[in-house]
Protein chains: 4
Amino acid sequence: MARPLSEDKKDAILASAIELVAAMGTGAPTAKIARRAGVAEGTLFKYFPDKDALLAATFLDLEGELARALVAGVPAGLAPKERIRHIWNRLIDWSAANPTRLKALRQLKVSDRIGPESRRCGEAFFADFKALLDEALAGHAERLSIDFIGAVLTALAEITLDFIARDPGRHDYHRAIGFDTFWRAIGR
Amino acid sequence: MARPLSEDKKDAILASAIELVAAMGTGAPTAKIARRAGVAEGTLFKYFPDKDALLAATFLDLEGELARALVAGVPAGLAPKERIRHIWNRLIDWSAANPTRLKALRQLKVSDRIGPESRRCGEAFFADFKALLDEALAGHAERLSIDFIGAVLTALAEITLDFIARDPGRHDYHRAIGFDTFWRAIGR
Amino acid sequence: MARPLSEDKKDAILASAIELVAAMGTGAPTAKIARRAGVAEGTLFKYFPDKDALLAATFLDLEGELARALVAGVPAGLAPKERIRHIWNRLIDWSAANPTRLKALRQLKVSDRIGPESRRCGEAFFADFKALLDEALAGHAERLSIDFIGAVLTALAEITLDFIARDPGRHDYHRAIGFDTFWRAIGR
Amino acid sequence: MARPLSEDKKDAILASAIELVAAMGTGAPTAKIARRAGVAEGTLFKYFPDKDALLAATFLDLEGELARALVAGVPAGLAPKERIRHIWNRLIDWSAANPTRLKALRQLKVSDRIGPESRRCGEAFFADFKALLDEALAGHAERLSIDFIGAVLTALAEITLDFIARDPGRHDYHRAIGFDTFWRAIGR
DNA sequence: GATGAATGAGAATTCATTCAT
DNA sequence: GATGAATGAATTCTCATTCAT
């Protein structure tokens, strides 16, 4: 092989795409993404066949990272509610600590350039998360479907993050209120 | 006397913008919007100085209509919870009955072409709604800010609408679950 | 109407396309075609929806002009052979006098960017020509199909034109040899 | 000793070029040609300095093969007309049996990427063919130049092949008509 | 006021060719 | 010798906005 496709370059392109999609939405030009990644315009298309593929990869990269952040290191031996609070805190903290990634992810989630295939793939990343949720909620919220509960959690997290963004000094307070609201919402 | 700008034409342009933004997002070309409205390409710019102004007007049109739909005809003499359920039902029913308008509104809400000015303006339309909410919730949820409660209501409505869209036969069921979830979420 | 699409501009674009297709083949860039026509790049696409449409229009323009040149003013009262010789001379003379148009037409004829639709359309222009041929040949070449005869005529004309191009001083000589060859080829 | 350029690889590249030029014209990308030949993109340029050189070589390869096919094995002792008919039949049969090669050759013949040098070279391959023709025609068609006769033969063959392509069941019939037409065309 | 032709700055992609490995 | 990643100029087409009619 002459030279393998460099994982570094691919990552640079993805990182650049995240930055620019966060700042400009999915309309960010591929030329700008390439330049900021330090590669030639044409090189981008060696790594991703077209812009949609790049956006899909960016989306999955972000979803994957988030999903991994959520479930990593949930301490054993916690009561169900505390286990879920742990996940909640991870979700809020990761998002608040990665505002650019979060912004990019939001843009991609609502974009019509992310096809159903990629969305399904993205959901799959959250299988562990859902399993954890499911297990922890046994006995607490059986009347609601896990999909509904997941959607409520996500939506309340978004709201919580908005409030934290406007009032970052009270990060912990908003985070706690958010979780409390979620716990009541799905309560028996 | 010079001919005044025709209100009819303006409405036609807005209606056309709603359809096309719903279908194509904010990228819908002004030329297409004009054609579907039955006016010339240039005429659109007589009514709106540029595309952003048109999008802002479209956004406010939709927000206003929705806000009005929510608060109109809330029956007097209902218990607080039932008054809010009434508003909730209106929100769900209007949205389910106007999928195109809802889609356009969602697109505009997440678009970065709607500036903070317009967003503030849009919020103002919901003053009555918030007042109603505030009044009805006196004694039920004082620990939460009205903004937070409004955001939760909106978010849960979006989720409810997604579930209805996927399973329209159980409109009433999902609507009730949604409200129940909301009521618990903000409960004491 | 603000301003009608100008026939002049359309003609300028077609004329420019003819020149550039003759010189560079169908790969001639639309930007160059527009510039040489004295219009903006985007204007070209107001007159022709895309490059293929422009090429098709150019093709039909040339075919039409050639077809008209062939059949115009065939003197009445000539013997069949002389009537066909008249057409032949017209074909040779028009082509020799319009080398650029001829070159463009050849490029377009062999290009795979001209679809079957356009080709059929182009053939239709030669209906009069074929009718004249058919009539004149009654009794001389009935054993051959008119399509075959037309193809032979065209092919021999191409050859004749090549010889004239290399040896323009003997235009009339080559023209006569060519016709004589054609007449023998299809003779009884 | 350095490894020599492999004749096999060169042939594979040429064969691939023939296929792809037949299918896509001279616009066929070098990368695709290389891939189909089973070699790397860059390797192609070790065998041919640039794309034009590859196209020229492809052209000459096809012309050479055709020229050889024409003159090989003309039976001695045939009358002149029958000797030429033999060549004619070879030309038609080879072309009908090798539609891909024929298509590629046609594309290259009309392409402006084949320079006059290559064309002259290509013609040289047909020296034997012309000699045979010349000899056979002594006394039949001295009034016409051998170049003219060759061009007529080629043109009529093209027409014949078109008719065969549309009506392959009557291969022999069209082949005979074609020859007959040729013979008359150049006849005394 | 209304019209829509005209504009030209982008935008996504392609591709022959080079050169580090 | 062979490889294929890297390059960036070139290409087609879109679209918000202007302005002559």
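Residue numbers start from 1 in every chain, and the chains themselves are labelled A, B, ... in the order their sequence lines are given, proteins ahead of strands.
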Interatomic spacing from [atom1] in [X] to [atom2] in [Y] - rounded to 0.5 Å:
X: C:I114; Y: C:K109; atom1: CD1; atom2: NZ; answer: 12.0 Å
X: D:K51; Y: D:L44; atom1: NZ; atom2: CG; answer: 10.0 Å
X: C:T26; Y: C:R113; atom1: OG1; atom2: CZ; answer: 6.0 Å

Crowded around D:K32 NZ? As in, over 12 foreign heavy atoms under 6.0 Å?
-> no
Using heavy atoms and a sub-4.0 Å distance, could you list which residues of residues 46-58 of chain A are near DNA chain F? By number, please.
-> A:K46, A:Y47
Return the angle between end axes of the helix from E:dA2-F:dT21 to E:dT21-F:dA2, with five pairs used per end and rounding to 10°.
-> 0°
Taking every heavy atom of C:G122 against every heavy atom of C:L60, the minimum-distance pair comes out as N-CD2, 3.6 Å
Could you give the [atom1]-to-[atom2] distance, from [X] to [N], as a whole number of Å?
X: A:K10; N: F:dG4; atom1: NZ; atom2: P; value: 17 Å
X: D:F45; N: F:dT7; atom1: CZ; atom2: C1'; value: 14 Å
X: A:R113; N: E:dA11; atom1: CZ; atom2: C1'; value: 10 Å
X: C:E41; N: E:dA5; atom1: CD; atom2: P; value: 19 Å
X: D:I33; N: E:dT17; atom1: CD1; atom2: P; value: 11 Å
X: C:R35; N: F:dT11; atom1: CZ; atom2: P; value: 10 Å
X: D:L44; N: F:dT3; atom1: CG; atom2: C1'; value: 13 Å
X: C:M24; N: F:dA10; atom1: CE; atom2: C1'; value: 11 Å

Report the residue (A:G42 or C:A31) whose heavy-atom-nearest nucleotide on DNA chain F is the more 5′ of the two.
-> A:G42
Which residue, C:G27 or D:G38, contacts DNA chain F at a nucleotide closer to its 5' end, judged by nearest heavy atom?
-> D:G38
Reckon [X] has a side-chain N or O less than 4.0 Å from the OP1 or OP2 of [N]?
X: B:T30; N: F:dC15; answer: no
X: C:K9; N: E:dA6; answer: yes
X: B:T43; N: E:dT3; answer: yes

Looking at residues at least two apart in the chain, or sitting in another chain, which of them share a side chain to side chain contact (heavy atoms under 4.5 Å, CB included) with A:L102?
-> A:S95, A:R106, A:L161
For B:Y47 and B:L14, indicate whether the former's side chain and the latter's backbone hold a donor-acceptor pair under 3.5 Å.
-> no
